[in-house]
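Here, residue 1 is the first one in the sequence, and each next residue gets the next number.
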Amino acid sequence: MDSVFKALADPSRRRLLDRLRDQNGMTLRDLCAGLGMARQSVSKHLAVLEAAELVTTVRRGREKLHYLNAAPINAIAERWINRFDRGRVDALADLKRTLEQPPMDTRTFVYTTYIRTTPEQLWRALTDPVFTDRYWGVSFESDWTKGSSLVWKQGGATVTDPEQVVLVSDPCRRLSYTWHTFTEQWAEAVGIAEDVRAEIAAERRSTVTFDIEPQGDLVKLTVTHDFDPSGTLHGMCSEGWPAVVASLKTLLETGEPLPTA
């Protein structure tokens, strides 16, 4: 955590994080605009923030987009905030509202964490229904080849749709698939009100991508979820993904997922 506190100690780096909080997914040129800092200085500050894992990057064509990554802040919360009298869930919710809430004009959620495991074990944890059910409460039926169908099972509901498909399947490196269909059976099983279900069902289908990169005895996992720019699903999934990834990490590192609330 030393690198996190060192990165946060500099006011210029805090300004960069504020910019990303207000408008996530910015290029270096966007971040330089209006800061009164040379491009080289901004690049150096971003390098420190990336080293501390407070910023993660995603390549889109020739552009390099920068995203605020809340994983290190969640780690700080795990270590200290849960010692306070208020409950752990409330503390993390407050933290996420402050640091992860996206602006209205961006609909890409990016979350990066490092897990002490192997790419093979992480791939299995993302695709094996025995694993996914333990940390996520969701299981899948698929052969995990590009173009294959994806059956989503959660809370006793089975969701099938010809548009639920695997988009990219590069074992132990990258997995991408379209998000599931919001059926009435699924909404009833997980406790989603009908008006909310109808609203998110009307949105363009979103896509989730998992990038797996070995980093010594760790594996870097980046989750990218692209949403309908005019939709509201973003907020729901942005609150859910940190908990899912934290439980995945805990399962792989300790053998047990995080306890459910």
Please report, to 0.1 Å, the donor-acceptor pairs under 3.5 Å made by any side chain of residues 50-62, with sequence neighbours excluded.
unit_1 : atom_1 : unit_2 : atom_2 : d
T56    : OG1    : T112   : OG1    : 2.7
R60    : NH2    : D226   : OD1    : 3.4

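- Residues meeting the ring-ring contact (aromatic ring centres under 6.0 Å, His included) test with F140, sequence neighbours left out: W136, W144, W152, Y177.
- Residues S206 and T178 fail the side-chain proximity criterion, which asks for heavy atoms closer than 4.5 Å.
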Residues 156-164 side chain polar contacts: donor-acceptor under 3.5 Å, at least two apart:
unit_1 : atom_1 : unit_2 : atom_2 : d
D161   : OD1    : E163   : N      : 2.8
D161   : OD2    : T181   : OG1    : 3.3
E163   : OE1    : R205   : NE     : 3.4
Q164   : OE1    : T181   : N      : 2.9
Q164   : OE1    : T181   : OG1    : 3.1
Q164   : NE2    : L150   : O      : 2.6
Q164   : NE2    : V159   : O      : 3.1

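- Side chains of K153 and V138 form no contact here, defined as non-hydrogen atoms less than 4.5 Å apart.
- Cluster membership for V48 and V4, using ILVMFWY side-chain heavy atoms within less than 4.5 angstrom, is not shared.
- Contact detail for F227 and R204: the closest heavy-atom pair is O-NH2, 2.7 Å.
- Every residue meeting the side chain to side chain contact (heavy atoms under 4.5 Å, CB included) condition with P214, not counting sequence neighbours, appears here in chain and number order: P119.
- One finds the CG atom of L20 at 10.0 Å from the CG atom of D30 (value rounded to the nearest 0.5 Å).
- Between T250 and P257 there is no side-chain heavy-atom pair separated by less than 4.5 Å.
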For this session: Begin from the C-alpha positions of L221 and Y111 and carry the test side-chain contact (heavy atoms from CB on, under 4.5 Å) through to its verdict.
Result: CA-CA 8 Å; L221 172 65; Y111 193 92; over 6 Å; no
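- The closest donor-acceptor contact from the side chain of R13 to the backbone of A7 lies under 3.5 Å.
- Linking Ile, Leu, Val, Met, Phe, Trp and Tyr whenever their side-chain heavy atoms come within less than 4.5 Å leaves Y135 and Y114 in two separate clusters.
- Under a hydrophobic clustering in which Ile, Leu, Val, Met, Phe, Trp and Tyr are joined whenever their side-chain heavy atoms come within less than 4.5 Å, directly or via other members, V151 and F131 fall into different clusters.
- Heavy-atom contacts from other residues, nucleotides or ligands closer than 6.0 Å to CD of E194 number more than 12.
- A salt bridge does not link R197 to E188: none of the charged side-chain nitrogens sits closer than 4.0 Å to a carboxylate oxygen.
- For the pair R116 and K249, the minimum side-chain heavy-atom distance is 4.5 Å or more.
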Exercise. Stepwise, does the side-chain contact (heavy atoms from CB on, under 4.5 Å) test hold for L251 with R134?
Worked result: CA-CA 8 Å; L251 175 61; R134 289 190 68 190; 3.5 Å; yes
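- At a threshold of 4.5 Å between non-hydrogen side-chain atoms, the residues L16 and L31 count as touching.
- Nearest heavy atom pair, residue T254 against residue E256, reads OG1-O, 3.1 Å.
- Residues that satisfy the side chain to side chain contact (heavy atoms under 4.5 Å, CB included) test with R15, not counting sequence neighbours, are L35.
- In terms of modelled atom types and a separation under 3.5 Å, the side chain of R14 and the main chain of A9 share a donor-acceptor contact.
- Taken from CE in M26 to OH in Y67, the straight-line distance is 11.5 Å, to the nearest 0.5 Å.
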Please list every donor-acceptor pair under 3.5 Å in which a side-chain atom of residues 122-130 meets a protein atom from a residue at least two apart or in another chain.
unit_1 : atom_1 : unit_2 : atom_2 : d
R124   : NE     : D128   : OD2    : 3.2
T127   : OG1    : W123   : O      : 2.9
D128   : OD1    : V130   : N      : 2.9

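- The six-membered or imidazole ring of H225 lies away from that of F109, with a centre-to-centre distance of 6.0 Å or more.
- Grouping the Ile, Leu, Val, Met, Phe, Trp and Tyr side chains by contacts below 4.5 angstrom, directly or via other members, places L167 apart from V223.
- The closest side-chain heavy-atom distance from N69 to V110 is not below 4.5 Å.
- Remark: D211 CG to L175 CG distance equals 9.5 Å, nearest 0.5 Å.
- More than 12 non-hydrogen atoms from other residues, nucleotides or ligands lie less than 6.0 angstrom from CG of D143.
- Atom CD1 in I115 sits 13.0 Å away from atom CG in D217 (nearest 0.5 Å).
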For this session: May I have the step-by-step check of side-chain contact (heavy atoms from CB on, under 4.5 Å) for S169 and T145, ending in yes or no?
Result: CA-CA 6 Å; S169 183; T145 59; 5.6 Å; no
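- Following chains of ILVMFWY side-chain contacts shorter than 4.5 Å, one cannot reach V245 starting from L218, and the two form parts of different hydrophobic clusters.
- M236 has its side chain within reach of I200: a pair of non-hydrogen atoms, C-beta onward, lies under 4.5 Å apart.
- The backbone N or O of V208 sits less than 3.5 Å from a side-chain atom of S176, completing a donor-acceptor pair.
- Rounding to the nearest 0.5 Å places SG of C237 at 5.5 Å from CH2 of W179.
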Problem set entry | Step-by-step side-chain contact (heavy atoms from CB on, under 4.5 Å) determination, E184 to W186 | CA-CA 5 Å; E184 293 181 5; W186 168 82; over 6 Å; no
Exercise. Hey, mind stepping through S148 and S142 against side-chain hydrogen bond (donor to acceptor under 3.5 Å, both in side chains) and telling me if it holds?
Worked result: CA-CA 7 Å; S148 64; S142 179; 3.3 Å; yes
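- T224 and T209 form no side-chain donor-acceptor contact under 3.5 Å, judged by distance and modelled atom types alone.
- In terms of heavy atoms, S43 sits closest to L28 at OG-CD2, 3.4 Å.
- Closest non-hydrogen pair, L258 versus S247, comes out as N-OG, 3.2 Å.
- Between the OG1 atom of T183 and the CD1 atom of I192 there is a distance of 11.5 Å, given to the nearest 0.5 Å.
- The shortest distance between side-chain heavy atoms of R174 and F210 does not fall below 4.5 Å.
- Other residues, nucleotides and ligands contribute at most 12 non-hydrogen atoms within 6.0 Å of the CZ atom of R173.
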